[in-house]
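Shown next, in structure tokens, is the structure this report addresses.
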Protein chains: 2
Amino acid sequence: MRIVLVDDHRVVARSLKAFLESFDGLQVVGMAASGEELLEKLDEWQPEIIVQDLLLPGGIDGVETTRRVLRRQPGARVIVLTASTDEARMMGALRAGACGYVRKDAEPETLLAAVRAVARGKQFYDVPPVAGAEEDLTPREKEVLRRVALGRSNKEIADELGVADETVKTHVTHVLSKLMADNRAQAVVQALKRGLVSLDELE
Amino acid sequence: MRIVLVDDHRVVARSLKAFLESFDGLQVVGMAASGEELLEKLDEWQPEIIVQDLLLPGGIDGVETTRRVLRRQPGARVIVLTASTDEARMMGALRAGACGYVRKDAEPETLLAAVRAVARGKQFYDVPPVAGAEEDLTPREKEVLRRVALGRSNKEIADELGVADETVKTHVTHVLSKLMADNRAQAVVQALKRGLVSLDELE
DNA sequence: CGAGAAATCCCCCGAATGCGGGAGGCGCGG
DNA sequence: CCGCGCCTCCCGCATTCGGGGGATTTCTCG
């Protein structure tokens, strides 16, 4: 099994390598710290399985990385290995074509099982604890929410988006309602918890 | 070297074990997923070195874990291994007596170097990229900030703290100034980025 | 003792926020 | 075709925010 690890935490990546390679038949043929790096080396490595964190630095995030990898190598199998219970992002990865999902706080055997299941062409999902009602914000609402998290005022957001501030107020009201938040501060926290925006991308 | 790993991500912990034990003289004699678990097994394991994440589940966080461990085993050496560039929390751990600090996105050799340095009685700090002007909020200001992050209004905070809302306004103004934030939403983001509050503790 | 920080309270004031409602246009799928 | 969701805009209104000023007490530290 030719495996590639994608994790910006090099200590973690190298350790995963040691762990996985302690089992027969598993070989880590490459490690990347970002989506860009993975895409660069993809042809060279020709991995069968990609174990990938969702929280990656650089221009393309984990979900986008998965999407692009599978477009280039439809035969590859992507296992998402992530720390946070990041439902929105996880759903995104699955929709992007990942066929495995393991949380970092799972038993190591779980990851191993995932690798082996996926290698046999099966899917493997370390089931999330709760289904969780998918709060879907409209594209516009997400844009507004992102800017709210950046501390922008309604008027500033209106200027940036080229609309009237009444429009922004409407969007904000809808966002607050959907996130069950009483004000922008709570909306920001909720957005972060649900992975609608990430701390790292703010600034 | 008797090493104990503390990380709630079991996949990561087990992998670290594999990585560290691939070197002579290093032996992982125990792994814990929380501060409580570590404290329970401390007498049994008798570790010389403890490699510990700062973001731990359960009642006691990473900093508090370090503090308690060193109170019980002053001879033990604690290396903090953390993912986020979490300055406030890091400083807390150092003040609590940790003698090593390595970021998870460092080179694996860095962790190895840290273990070996610490084993020889030295300190090892994988220097943070920027010194970062330590914004020290007063205790009261931190209390207020936490509640701002919870989405409380000034009046609500005033009631909770049993003071007048003008007082809260003063504190909030000071916090905004110190965090260089223009409004509460930005203050929340800054607080999260600096580890003054953590996402997990918010509800 | 005196300096200074911390915490508390007070006033004024303009701007931003959040809520309620209404309303028109546009595109997509039944 | 007709409805429905999305985006857009508008009005009014009570509340909250954030900045400015100044004031007091308590406490620590040199």
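Numbers restart at 1 for each chain; the letters A, B, ... are given by sequence-line order, proteins then strands. All of these numbers come straight from a predicted model, not from anything done at the bench.
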Where protein sits on nucleotides 11-30 of chain C, one letter per nucleotide: B base, S sugar-phosphate only, - none, heavy atoms under 4.0 Å: -B----SBB-----------
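Between B:Arg72 and B:Asp43, at least one side-chain nitrogen of the basic residue sits less than 4.0 Å from a carboxylate oxygen of the acidic one, meeting the salt-bridge criterion.
Residue-level contact check: A:Thr167 touches the bases, meaning some heavy atom is under 4.0 Å from a base atom.
Using a 4.5 Å cut-off on side-chain heavy atoms (C-beta onward), A:Ile3 and A:Val29 make no contact. Within the 4.5 Å cutoff, no side-chain heavy atoms of B:Val12 are placed close to those of A:Pro108. Looking only at side-chain heavy atoms (C-beta outward), A:Ile49 and A:Arg2 stay at 4.5 Å or farther from each other. You'll find the side chain of B:Val172 reaches within 4.5 Å of the side chain of B:Val144, heavy atoms only.
A donor-acceptor pair is defined here as one N or O able to donate and one able to accept, closer than 3.5 Å; such a pair exists between the side chain of B:Asn183 and the backbone of B:Gln186.
Listed nucleotides C:dC10, C:dA7, D:dT8 differ in distance to B:His171; the shortest reach to its side chain belongs to C:dA7. The side chain of A:Ala164 sits closest to D:dC9 out of D:dC9, D:dC7, C:dT8.
In this structure, CD1 of B:Ile157 is placed 12 Å from P of D:dT16, rounded to the nearest angstrom. Whole-Å rounding puts the B:Glu156 CD to D:dT15 P distance at 14 Å. Residue B:His174 contributes atom NE2, which lies 11 Å from atom P of D:dG20 at whole-angstrom precision. The nearest whole Å value for the distance from the CG atom in B:Asp165 to the P atom in C:dC10 is 9 Å.
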